[in-house]
Amino acid sequence: MGRVRTGVLISGRGSNMSALIEAAKNDAFPAEIVVVLANNIDAPGLNAAREAGVKNAGIISSSFPDRQSFDRVLDESLRTANVSLVCLAGYMQILSPWFVGRWLGKLINIHPSLLPAYRGLHTHRKAIADGARIHGCTTHFVTPELDAGPIIMQAAVAVAPSDTEASLAARVLEQEHVIYPRTLALVASGLARLKDGRCVLDGMGEPRGSIISPSI
Ligand code: GAR
């Protein structure tokens, strides 16, 4: 069976996109990144994508009367590129229910918190303000409700008393780069899939270990 043709949507830096492209350079990886699209002309990730060898990397212009018109062009571009999976990687524009419905079960996202905690923006700031001892990141199938779709993978990091928003964000980002490629591999190989509003996982072992913070 061929590798699953995958598109990545970005709005900015694109470090998660780069982690996906890097993982997919291995021929044994079950997905290949064939197109990167940005909604933002300044997205530095577009250059990174081209430098990493993704020829089909471009911007969807933002001159549309409403979100669905924009999403129709986005949808058309993805279908023209013949993709079967779409990864949101720091894509900061809310997708229309129409688009989400069309790609349901084929559309995944990474979010910088242990969902369902801290949906939306400024997740690291909120975790620090709450005095959370453990924070992290989540990959999930996208559903119309923001940051609320069925969870695929999570990684936790301990929050240090000295953490700033930036230091915590950097440690969480490292884990994002670990779980996003693994998530894409699980979904592309069919081991993780959306069924009846849940993420079903096949062939996984029992979880081992735990994270305790502060560790004493
Ligand atoms: C990442 O931390 C990602 O989890 C977050 O934006 C950042 C993008 O960085 N996404 C969201 O907050 C979506 N709700 P990147 O462009 O370097 O991958």
Please report the closest heavy-atom contact between A156 and L114, naming both atoms and the distance.
-> CB-CD1, 4.3 Å

Is R133 atom CZ crowded by more than 12 heavy atoms from other residues, nucleotides or ligands, each under 6.0 Å away?
-> no

Quick check: does any side chain N or O of T80 sit under 3.5 Å from a backbone N or O of E76, one acting as donor and the other as acceptor?
-> yes

Rounded to the nearest 0.5 Å, how far apart are CZ of R72 and OG of S77?
-> 13.5 Å

List the atom of A155, the atom of Q175, and the distance in Å for their closest heavy-atom pair.
-> CB-CB, 3.8 Å

Roughly how far, to the nearest 0.5 Å, is the CG atom of L74 from the CZ atom of R102?
-> 11.0 Å

Point-to-point distance, once rounded to the nearest 0.5 Å, from OG of S15 to CD of E174 = 11.0 Å

Using the rule that two of Ile, Leu, Val, Met, Phe, Trp, Tyr join whenever any of their side-chain heavy atoms come within less than 4.5 Å, decide whether M153 and V4 are in one cluster.
-> yes

At their closest point, which heavy atom of V159 faces which heavy atom of R171, and how far apart are they?
-> CA-NH2, 4.1 Å

Enumerate, atom names and distances included, each donor-acceptor pair closer than 3.5 Å involving a side-chain atom of residues 93-100, sequence neighbours excluded.
from	atom 1	to	atom 2	distance (Å)
Q93	OE1	N39	ND2	3.3
S96	OG	D71	OD2	2.6
S96	OG	F99	N	3.3

CG (N56) and CG (L37) are apart, to the nearest 0.5 Å, by 7.0 Å

Same apolar cluster (I L V M F W Y, side chains within < 4.5 Å links), M17/I41 = yes

Nearest heavy-atom contact between T6 and C87 is CG2-SG, 3.9 Å

Are any side-chain N or O atoms of R13 and backbone N or O atoms of G90, one a donor and one an acceptor, separated by less than 3.5 Å?
-> no

N/O donor to acceptor pairs below 3.5 angstrom from side-chain atoms of residues 24-34, sequence neighbours left out:
from	atom 1	to	atom 2	distance (Å)
K25	NZ	E22	OE1	3.4
N26	OD1	A28	N	2.8

Distance, nearest 0.5 Å, that separates OG of S162 from CG of L168 = 10.0 Å

Are L115 and Y180 grouped together when hydrophobic residues (ILVMFWY) are joined by side-chain heavy atoms under 4.5 angstrom apart?
-> no

How far apart are the C-alpha atoms of V83 and V35, what are their side-chain angles, what is the distance that settles it, and do they pass the side-chain contact (heavy atoms from CB on, under 4.5 Å) test?
-> CA-CA 8 Å; V83 309; V35 59; 3.7 Å; yes

Group every Ile, Leu, Val, Met, Phe, Trp and Tyr by side-chain heavy-atom contacts under 4.5 Å, then state whether F70 and V73 land in the same group.
-> yes

Identify the heavy atoms of A158 and D163 that sit nearest to each other, and give their distance.
-> O-OD2, 4.2 Å

Is a side-chain donor or acceptor of R50 paired with a backbone partner of A57 at a separation under 3.5 angstrom?
-> yes

Examine distances only and state if a side-chain atom of R5 and a backbone atom of N82 form a donor-acceptor pair shorter than 3.5 Å.
-> yes

When you look at F141 and L104, which way does the side-chain contact (heavy atoms from CB on, under 4.5 Å) test go after all the steps?
-> CA-CA 8 Å; F141 286 108; L104 196 67; over 6 Å; no

Non-hydrogen atoms of N16 and A89 that approach each other most closely | CB-CB, 4.0 Å

Can you hop from V142 to L146 via hydrophobic side chains spaced under 4.5 Å?
-> no

Sidechain-backbone polar pair: D147 side chain, G120 backbone, donor-acceptor under 3.5 Å = yes

Less than 3.5 Å apart, which donor and acceptor atoms pair up between the side chains of residues 182-208 and the rest of the protein, not counting sequence neighbours?
from	atom 1	to	atom 2	distance (Å)
T183	OG1	T139	OG1	2.8
T183	OG1	I179	O	2.7
S189	OG	A185	O	2.7
S189	OG	L186	O	3.2
R193	NH1	D202	OD2	2.6

side-chain contact (heavy atoms from CB on, under 4.5 Å) partners of A52, counting only residues at least two apart | I21

d(K126 NZ, H135 NE2) to nearest 0.5 Å is 10.0 Å

Please tabulate, for side-chain N and O atoms in residues 105-112, each donor-acceptor pair with protein atoms closer than 3.5 Å (sequence neighbours left out).
from	atom 1	to	atom 2	distance (Å)
N109	ND2	H140	NE2	3.2
H111	NE2	S113	OG	3.4
H111	NE2	Y118	O	2.8

Determine, for R79 against D75, whether the closest basic-nitrogen to carboxylate-oxygen distance falls under 4.0 angstrom.
-> yes

Can you sort out the partners of E165 under side-chain hydrogen bond (donor to acceptor under 3.5 Å, both in side chains), two or more places apart, ordered by chain and number?
-> R125

Between the main-chain N or O of S11 and the side-chain N or O of N40, is there a donor-acceptor pair closer than 3.5 Å?
-> yes

